[in-house]
Each structure stands twice: as structure tokens, then as C-alpha cells.
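Remarks on the structure that follows.
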Amino acid sequence: VAYNSLLHERRRALHRAVGYALEELYPDRLPEHYEELAHHFSRGEDWAKAFDYLVHSRARAPDAYANPVALDLYAQAIEAARRVPAIPRVRLAEVHQRRCQVLTATQRLDEAHAEAKQMLALAREISDRRLEGEALADIAYAHWMSFSSDQIAPLKPHIEQASAIAREIGDNRLLARSLFIAATVDQMEARLADAEAKANEAIQIADREGSPGIVVQTRILIDLQHNWRGDFASAIARSRETEAAARAVHDGFNEVIAMSNRAFAHIGQG
């Protein structure tokens with residue numbers, strides 16, 4: 001009641017004061033207070049700080065399974081950025097990317113495409129080739145996540161462009177992502193030897209680059225092919241390892257897919 005009786009400007013000032021006090025009191029422990037800081041600077045309408053702490057709040061979260069929370073924080077960050085023209089376009093593009101990836105993992109694919117296209121437009125606006133390649137790869141991956149052969153045709157040009165950009169700028173992480181998605185197309189079109197070759201190359205590059213998330217995604221494809229070949233014991237052992245690796249990087253979607261691969265291999269083994 002007391003809070004609601006305050007004039008709006010007074011409330012804004014108090015929230016900003018609390019935010020600044022937290023920064024001053026806990027300079028070495030700010031990560032423990034990101035959520036509080038995001039709340040107070042949002043309510044205090046200090047939008048530049050609100051944007052920073054909203055993004056940090058999600059990045060700090062130890063468990064990537066909290067998808068509704070992530071989507072809400074990223075939506076708030078995008079709204080804050082609209083009020084601060086000075087926020088670098090590259091940072092806003094990265095928030096659109098993170099939101100796209102959560103939406104893709106939760107099968108909200110139309111929304112995921114919209115976020116990726118926003119990212120692509122921002123990347124092209126600032127001539128950032130790396131971000132442009134990432135956006136193209138995200139669009140391709142969202143097409144693949146429909147698990148529909150109808151989506152292969154729109155997927156292909158996006159992943160071809162992403163791969164070309166990766167080679168042009170020497171971005172090995174983007175190249176590994178592109179190889180993984182290209183391998184999924186080969187697999188869907190029954191070019192299994194090509195799929196496995198691309199997948200193995202993607203894993204080698206991602207390992208060198210320290211990108212365990214890409215390794216997990218790509219291992220799924222090879223595990224599946226071991227099952228198809230009737231090498232059930234190998235498929236079971238590999239899938240257990242992939243489950244553990246997915247769990248370590250909080251990738252709930254691929255952890256479940258690895259479990260499914262292992263279950264089918266057990267059925268095949270009898």
C-alpha cells in the first residue's frame with residue numbers, strides 16, 4: 001500500500017537508488033544479484049543497465065531447462081533495448097539469437113524464425129559477417145527441427161550461405177555448426193556415408209574450438225546411424241556417453257534424443 005501510494009517518479013528514483021546501492025555494496029559479488037539489479041533498474045527505467053542485467057541474469061542461470069524464464073528475460077531485454085538507441089546492434093542481435101534458440105528447442109518454430117530474421121536484419125545492418133552466418137545457421141536449424149522433408153528445400157540455401165561465410169571469415173565454430181546441419185540434410189536424403197563424414201569433421205572442429213554443445217548435437221547423428229546399421233551395442237554405449245555430455249551442458253532436448261536413440265537400440269538388440 002505504501003509503495004503504491006508513491007508518485008511514479010519517486011518510485012523510479014527509489015528503484016534506481018537501490019540498484020546503485022547494490023552495485024556499490026557488492027562489487028565483487030554482482031552475479032549473485034543480477035536478478036535483483038535487473039528488477040530495480042527496469043522499475044527505475046534505467047534501461048541501459050536494465051538491459052545489461054537482464055542479459056546477465058539469463059547467462060548466469062546454471063540450468064538451461066528453465067525455458068519460460070529465459071524467454072521472459074530475453075523479451076524484457078529486447079524491450080529495454082528499444083528504449084536505448086545507444087545499445088550496440090551486435091548485443092541486441094545476440095539476444096534475438098538466444099531467444100531464437102530457446103524457441104527452436106521448444107518447437108515454437110514460427111516464433112524462432114521471426115527472431116532469427118530479426119537477428120539477420122541487424123547483422124546485415126551493421127555488416128557483421130559472423131552474426132550474419134550465425135543467423136543463417138539458426139534459420140536452417142529451425143527448418144530442420146520441424147523434422148519434415150518439406151523443410152529441406154528452404155533449409156539448404158541458408159546453410160550453404162552460412163558455410164560459405166564461415167570459410168570466408170575463418171570462423172571454425174560456425175563452420176562446425178554448418179557441417180552439422182549439412183550432415184542432417186545428407187542423413188534425411190539417405191546419403192549416410194556423406195552424413196557421417198561431415199558429422200565427424202564437425203565434431204573434430206568443435207572439440208578443438210571448445211564447443212561441447214555442437215559436439216553433443218552432432219554425436220546424436222552418428223549414434224543414430226550406428227543403430228540403423230544394426231551395431232546396437234555400439235549405439236547403446238555411444239548414446240549413454242551422449243546423454244552424459246548433453247546433461248553436462250544442460251541440453252535437455254538432446255539428452256532426451258540420446259535416451260530415445262538408446263531405447264531404440266535396446267529394442268533392436270532384443
Side-chain angles (χ1 to χ4, degrees), residues 90 93-94 96-225 242 246 249 251 253-254 257:
V90 64
E94 287 167 351
H96 280 293
Q97 180 178 34
R98 294 177 192 178
R99 188 168 162 79
C100 164
Q101 290 173 348
V102 176
L103 289 164
T104 300
T106 53
Q107 288 289 299
R108 291 165 59 177
L109 298 179
D110 288 343
E111 294 170 81
H113 280 297
E115 294 290 342
K117 287 173 182 174
Q118 290 266 22
M119 178 191 176
L120 183 60
L122 287 165
R124 287 175 172 167
E125 178 186 327
I126 59 177
S127 301
D128 189 317
R129 293 291 276 166
R130 183 192 68 81
L131 276 177
E132 182 180 357
E134 288 280 346
L136 290 163
D138 282 324
I139 292 169
Y141 185 63
H143 280 299
W144 177 71
M145 281 286 285
S146 70
F147 301 115
S148 168
S149 58
D150 294 341
Q151 296 299 308
I152 293 178
L155 183 163
K156 283 182 176 179
H158 289 96
I159 203 56
E160 287 166 3
Q161 291 175 62
S163 180
I165 289 172
R167 295 181 190 280
E168 171 198 324
I169 66 176
D171 188 322
N172 286 329
R173 184 186 176 282
L174 177 57
L175 179 58
R177 282 195 77 199
S178 301
L179 284 165
F180 155 67
I181 297 170
T184 69
V185 174
D186 285 338
Q187 195 175 73
M188 291 176 77
E189 294 186 333
R191 295 186 297 275
L192 301 187
D194 291 342
E196 191 153 354
K198 287 187 178 81
N200 279 321
E201 185 180 357
I203 288 171
Q204 290 169 7
I205 295 170
D207 258 337
R208 288 199 305 269
E209 293 297 306
S211 299
I214 298 172
V215 172
V216 166
Q217 288 179 313
T218 313
R219 280 183 59 96
I220 293 284
L221 301 182
I222 300 176
D223 298 352
L224 190 59
Q225 292 194 186
T242 304
V249 295
D251 184 344
F253 174 80
N254 281 303
I257 295 294

Check [X] against [Y] and note the closest heavy-atom contact, atom names and distance.
X    : Y    : result
A93  : M119 : O-CG, 3.6 Å
A137 : I181 : O-CD1, 3.5 Å
A182 : I159 : N-CG1, 4.2 Å
A166 : L175 : CB-N, 3.5 Å

Open item on the list: Are C100 and T104 packed together at the side-chain level, in the sense that at least one heavy-atom pair is separated by less than 4.5 angstrom?
Closed with: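 Yes, side chains in contact.
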Task: Non-hydrogen side-chain atoms of L131 and L122 separated by less than 4.5 Å - done: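 No. Closest side-chain heavy atoms not under 4.5 Å.
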- [ ] Carefully, step by step, assess R99 and V102 under the rule side-chain contact (heavy atoms from CB on, under 4.5 Å).
- [x] CA-CA 5 Å; R99 188 168 162 79; V102 176; 6.0 Å; no
How far does [atom1] of [X] sit from [atom2] of [Y], to the nearest 0.5 angstrom?
X    : Y    : atom1 : atom2 : answer
I205 : S211 : CD1   : OG    : 10.5 Å
L120 : H158 : CG    : NE2   : 7.0 Å
L155 : D150 : CG    : CG    : 12.5 Å
R167 : N172 : CZ    : CG    : 9.5 Å
F180 : I203 : CZ    : CD1   : 10.0 Å
T106 : E111 : OG1   : CD    : 8.0 Å

- [ ] Could you tell me which residues satisfy side-chain hydrogen bond (donor to acceptor under 3.5 Å, both in side chains) with E201, sequence neighbours excluded, listed by chain and number?
- [x] none
TODO: Determine the sole option in D223, D251, T218 for which the side chain to side chain contact (heavy atoms under 4.5 Å, CB included) test with T242 is passed.
DONE: D223
- [ ] Decide side-chain contact (heavy atoms from CB on, under 4.5 Å) for Y141 and Q101; before the verdict, give the C-alpha distance in whole Å, the side-chain angles of both, and the deciding distance to 0.1 Å.
- [x] CA-CA 9 Å; Y141 185 63; Q101 290 173 348; over 6 Å; no
Open item on the list: With salt bridge (charged side-chain N to carboxylate O under 4.0 Å, His left out) as the rule and sequence neighbours excluded, what pairs involving residues 118-130 come up?
Closed with: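 Only E94-R130, R124-E132, R129-E132, R129-E168 qualify under salt bridge (charged side-chain N to carboxylate O under 4.0 Å, His left out).
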TODO: Look at the rings of H113 and H143 and say which category their plane angle falls in: under 30° parallel, 30 to 60° tilted, over 60° perpendicular.
DONE: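 Ring orientation, 0 to 90° scale: tilted.
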Open item on the list: Strictly distance-based, threshold 3.5 Å: is any side-chain N or O of E209 a donor or acceptor partner for the main-chain N or O of L174?
Closed with: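 Between the backbone of L174 and the side chain of E209 there is no qualifying donor-acceptor contact (under 3.5 Å).
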Task: Residue pairs passing the side chain to side chain donor-acceptor pair (under 3.5 Å) test where at least one lies in residues 173-191, sequence neighbours excluded - done: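 Listed by first then second residue: E134-R173, E134-R177, D138-R177, K156-E189, D186-R191, D186-K198, Q187-Q225, E189-R191.
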Task: Steps toward side-chain contact (heavy atoms from CB on, under 4.5 Å) verdict (N200, I222) - done: CA-CA 8 Å; N200 279 321; I222 300 176; 3.2 Å; yes
